[in-house]
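Below you'll find the structure, written out as structure tokens, and then a few comments.
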Amino acid sequence: AYRDASISLAASKGESIKSDKKMRGLIDRAGVDAHVWMAADMREARQPNGTQKINDLTVGFDFSSGMKLDGVLNFASEDGAAQGLKNMEAGRQQNAAMAAMIGAPSSINNLKLSQKKSRVIFSTSMPDGEVRAVANFMRNMMEQAERERKAQTEASKKRLEQEKGAAPSP
């Protein structure tokens, strides 16, 4: 649904997000004063089995000094939010290990989670050095993926050439 709506909008055949009351409300909540922000209506999104239904998500990233993240997951029910919060808390130790591995332990050490009715509110922050560590980690991951893609492409080309050479002539 979102893909089709995006294509229609890009082709000037769709409706502006400004006329969608639900999205307008999410955008207003997202904190568009942040350097990077996101608002997502997730009511029709396919969600993994066993997870609580999430209606929408808003997140804002501020990079004025290091990085500060503020977000809200709006669940379909208070019980869903309680279970979502419990799951987030349960994953904290594993996430802390990953954050430490990439050089950003503050992202988990500073993580604050709370519930207000059907919403889980989350925030965290990290200093400039850790933001650089995350950027370097991501750059290295993308470069590695590109090297692997090129190697696979070359291997495929070689296999095709070998198959052509091995094929009997008509």
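Count residues from 1 along the sequence.
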Worksheet item: Do NZ/NE/NH1/NH2 and the carboxylate oxygens of Glu161 and Lys157 come within less than 4.0 Å?
Response: no
Please find the pair of heavy atoms, one from [X] and one from [Y], that lie closest to each other, and give the distance.
X      : Y      : value
Gly66  : Val131 : C-CG2, 3.8 Å
Val134 : Ala104 : CG2-CB, 3.6 Å
Gly103 : Ala133 : O-CB, 3.6 Å
Ser123 : Asp70  : CB-OD1, 3.2 Å

Worksheet item: Is any side-chain heavy atom of Arg119 closer than 4.5 Å to a side-chain heavy atom of Leu73?
Response: no
Worksheet item: With a 4.5 Å heavy-atom cut-off, do Asn109 and Leu111 have their side chains touching?
Response: no
Can you list the residues that meet the side-chain hydrogen bond (donor to acceptor under 3.5 Å, both in side chains) rule with [X], with sequence neighbours excluded?
X      : answer
Ser114 : none
Ser107 : none
Glu148 : Gln144
Asp79  : none

Considering residues at least two apart in sequence or located in another chain, which fulfil the side-chain contact (heavy atoms from CB on, under 4.5 Å) criterion with [X]?
X      : answer
Ala30  : Trp37, Ala39, Thr58
Arg149 : Glu146, Thr153
Asp56  : Lys22, Leu26, Arg29, Asn74
Gln52  : Phe75, Gln83

Practice prompt. Just grab all the side-chain hydrogen bond (donor to acceptor under 3.5 Å, both in side chains) pairs involving residues 88-97, residues at least two apart or on different chains.
Written response: Glu89-Arg92
Response to the item:
Tracing side-chain contacts under 4.5 Å among Ile, Leu, Val, Met, Phe, Trp and Tyr outward from Ile121 reaches Val72
Practice prompt. Could you walk me through whether Lys150 and Glu154 pass salt bridge (charged side-chain N to carboxylate O under 4.0 Å, His left out), step by step?
Written response: CA-CA 6 Å; Lys150 285 180 181 178; Glu154 287 303 313; over 6 Å; no
Backbone N/O of [Y] and side chain of [X]: donor-acceptor pair under 3.5 Å:
X      : Y      : value
Asn110 : Ser125 : yes
His35  : Asp62  : no
Ser77  : Gly80  : yes

Could you grab the distance from atom [atom1] of [X] to atom [atom2] of [Y], nearest 0.5 Å is fine?
X      : Y      : atom1 : atom2 : result
Asn140 : Met138 : CG    : CE    : 10.5 Å
Thr124 : Leu113 : OG1   : CG    : 9.0 Å
Ser118 : Lys53  : OG    : NZ    : 13.0 Å
Ile102 : Met141 : CD1   : CE    : 9.5 Å
Phe137 : Met101 : CZ    : CE    : 4.5 Å
Glu130 : Met67  : CD    : CE    : 9.0 Å

Discussion item. Tell me every residue that passes salt bridge (Lys or Arg N to Asp or Glu O under 4.0 Å) with Arg147, counting only those two or more places apart in sequence or in another chain.
Written reply: none
Discussion item. Tell me every residue that passes salt bridge (Lys or Arg N to Asp or Glu O under 4.0 Å) with Asp28, counting only those two or more places apart in sequence or in another chain.
Written reply: Arg24
Practice prompt. Kindly determine whether Phe63 and Asp128 satisfy side-chain contact (heavy atoms from CB on, under 4.5 Å), including the steps that lead there.
Written response: CA-CA 9 Å; Phe63 295 97; Asp128 285 330; over 6 Å; no
